Amino acid sequence: MLFGVVLGTNNLKEAGEFYDKLLGTIEMVRLMADDVEIGYGPYGGASCFWITKPFNQKPATFGNGTQVTFQAASKEMVEEFHRLALELGGENEGDPGYRYRPNYYGAYCRDLDGNKLHIMHEPK
């Protein structure tokens with residue numbers, strides 16, 4: 001069972017400001033922080049997504065073919081997440097829209113360190 005996801009960053013302060021705002025669009029909040037990492041999760045829950053300075057003290061890099069997918073509660077949350085990511089300095093990797101299956105609505109972007117993020121909503 002997956003417990004969490006960690007992405008590296010070269011500027012923890014800037015990445016924290018980016019993710020504080022971005023993850024707020026899907027009701028995730030900063031739950032912990034220290035000098036090397038910040039953890040996010042649902043309010044009142046446990047951290048399940050972290051950004052961190054690499055332990056080996058070498059530059060953080062993104063993985064080619066790697067992405068983190070977040071689930072939104074609505075189409076509007078997908079659109080707001082994507083819009084805000086770009087406004088905060090992220091890069092567009094795919095505008096919001098329907099793809100894959102009839103009710104699957106998603107968008108793609110990259111964070112300030114080039115990590116690929118996917119935001120999606122699919123009603124049950």
Side-chain angles (χ1 to χ4, degrees):
M1 179 180 288
L2 183 64
F3 182 71
V5 174
V6 178
L7 293 178
T9 182
N10 292 304
N11 188 322
L12 190 62
K13 181 180 182 301
E14 282 185 7
E17 292 169 359
F18 177 88
Y19 279 108
D20 285 350
K21 292 174 184 172
L22 186 64
L23 295 179
T25 66
I26 57 170
E27 301 177 353
M28 289 180 74
V29 295
R30 184 186 290 214
L31 296 173
M32 61 78 60
D34 60 27
D35 292 340
V36 295
E37 68 181 351
I38 301 172
Y40 296 89
Y43 182 77
S47 295
C48 58
F49 176 75
W50 293 268
I51 52 173
T52 186
K53 295 179 185 177
F55 180 77
N56 65 5
Q57 300 181 0
K58 294 184 180 182
T61 59
F62 60 87
N64 185 22
T66 301
Q67 78 176 21
V68 177
T69 301
F70 295 95
Q71 187 172 12
S74 69
K75 242 179 73 170
E76 293 76 21
M77 284 180 158
V78 169
E79 292 166 357
E80 179 61 10
F81 182 104
H82 186 263
R83 183 199 66 75
L84 188 57
L86 303 185
E87 180 181 303
L88 295 170
E91 294 181 27
N92 186 12
E93 285 283 318
D95 290 331
Y98 288 100
R99 42 179 55 86
Y100 311 124
R101 298 181 290 275
N103 293 318
Y104 192 105
Y105 193 80
Y108 295 89
C109 58
R110 290 194 183 266
D111 71 7
L112 303 178
D113 290 287
N115 296 299
K116 190 171 183 181
L117 309 175
H118 176 48
I119 180 71
M120 59 76 66
H121 172 68
E122 186 172 29
K124 297 187 181 208

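This is a predicted model, so every value here is computed, not measured.
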> Is there a path of hydrophobic side-chain contacts, each under 4.5 Å between heavy atoms of I, L, V, M, F, W or Y residues, that connects Trp50 with Phe62?
Replying inline: no

>> Using every non-hydrogen atom in the two residues, find where Ile26 and Ala72 come nearest and quote the distance to one decimal.
In response: CG2-CB, 4.1 Å

> Heavy-atom count around Phe55 CZ within 6.0 Å, excluding the residue itself: above 12?
Replying inline: no

> Going by an N to O cut-off under 4.0 Å, is there a salt bridge joining Glu17 and Lys13?
Replying inline: yes

> Any idea which heavy atoms bring Ala15 and Thr9 closest together, and the distance?
Replying inline: CB-OG1, 3.4 Å

> Are Leu112 and Leu12 grouped together when hydrophobic residues (ILVMFWY) are joined by side-chain heavy atoms under 4.5 angstrom apart?
Replying inline: yes

> Do Tyr98 and Val78 share a hydrophobic cluster, counting only Ile, Leu, Val, Met, Phe, Trp and Tyr and linking them when any side-chain heavy atoms are less than 4.5 Å apart?
Replying inline: yes

> Rounded to the nearest 0.5 Å, how far does CD of Glu79 lie from CG of Leu84?
Replying inline: 13.5 Å

>> Just checking Gln67: does its CD atom have more than 12 heavy atoms from other residues, nucleotides or ligands closer to it than 6.0 angstrom?
In response: yes

> So, does Thr52 use its side chain to make a donor-acceptor pair with the main chain of Val36 at under 3.5 Å?
Replying inline: yes

> Roughly how far, to the nearest 0.5 Å, is OG1 of Thr25 from NE2 of His82?
Replying inline: 12.0 Å

> When Val5 is tested against each of Thr69, Val68, Thr66, Asn115 for side-chain contact (heavy atoms from CB on, under 4.5 Å), which residue passes?
Replying inline: Val68

>> Any side-chain to backbone donor/acceptor pair from His121 onto Tyr105? Under 3.5 Å, distance only.
In response: no

> In terms of ring plane angle, is the pair Phe81 and Phe70 parallel, tilted or perpendicular, where the classes change at 30° and 60°?
Replying inline: tilted

> Is the closest side-chain heavy-atom distance between Leu22 and Leu117 below 4.5 Å?
Replying inline: yes

> Once you round to the nearest 0.5 Å, how far does CE of Met120 lie from CG of Asn103?
Replying inline: 10.5 Å

>> Could you check whether any side-chain N or O of Asn10 sits under 3.5 Å from a backbone N or O of Ala60, counting only pairs where one atom can act as donor and the other as acceptor?
In response: yes

> Any donor and acceptor pair, going by atom type alone, linking the side chain of Asp111 with main-chain N or O of Asp113 inside 3.5 Å?
Replying inline: yes

>> Taking atom CD as the centre, does Glu122 end up with more than 12 heavy-atom neighbours from other residues, nucleotides or ligands that are less than 6.0 angstrom away?
In response: yes

>> Between the side chains of Arg83 and Glu87, is the shortest nitrogen-to-carboxylate-oxygen separation below 4.0 Å, so that they form an ion pair?
In response: yes

> Say you draw a straight line from OG of Ser47 to OH of Tyr40; how long is it, rounded to the nearest 0.5 Å?
Replying inline: 10.0 Å

> Out of curiosity, Asp20 CG to Ile51 CD1, how far, rounded to the nearest 0.5 Å?
Replying inline: 7.5 Å

>> Applying the side-chain contact (heavy atoms from CB on, under 4.5 Å) criterion to Phe49, which one of Val6, Leu31, Leu7 satisfies it?
In response: Leu7

>> Strictly distance-based, threshold 3.5 Å: is any side-chain N or O of Arg30 a donor or acceptor partner for the main-chain N or O of Ile38?
In response: no

> Closest approach of Asn11 and Glu14, non-hydrogen atoms and distance?
Replying inline: OD1-N, 3.0 Å

> Are side-chain heavy atoms of Lys75 and Pro96 found at a separation under 4.5 Å?
Replying inline: no

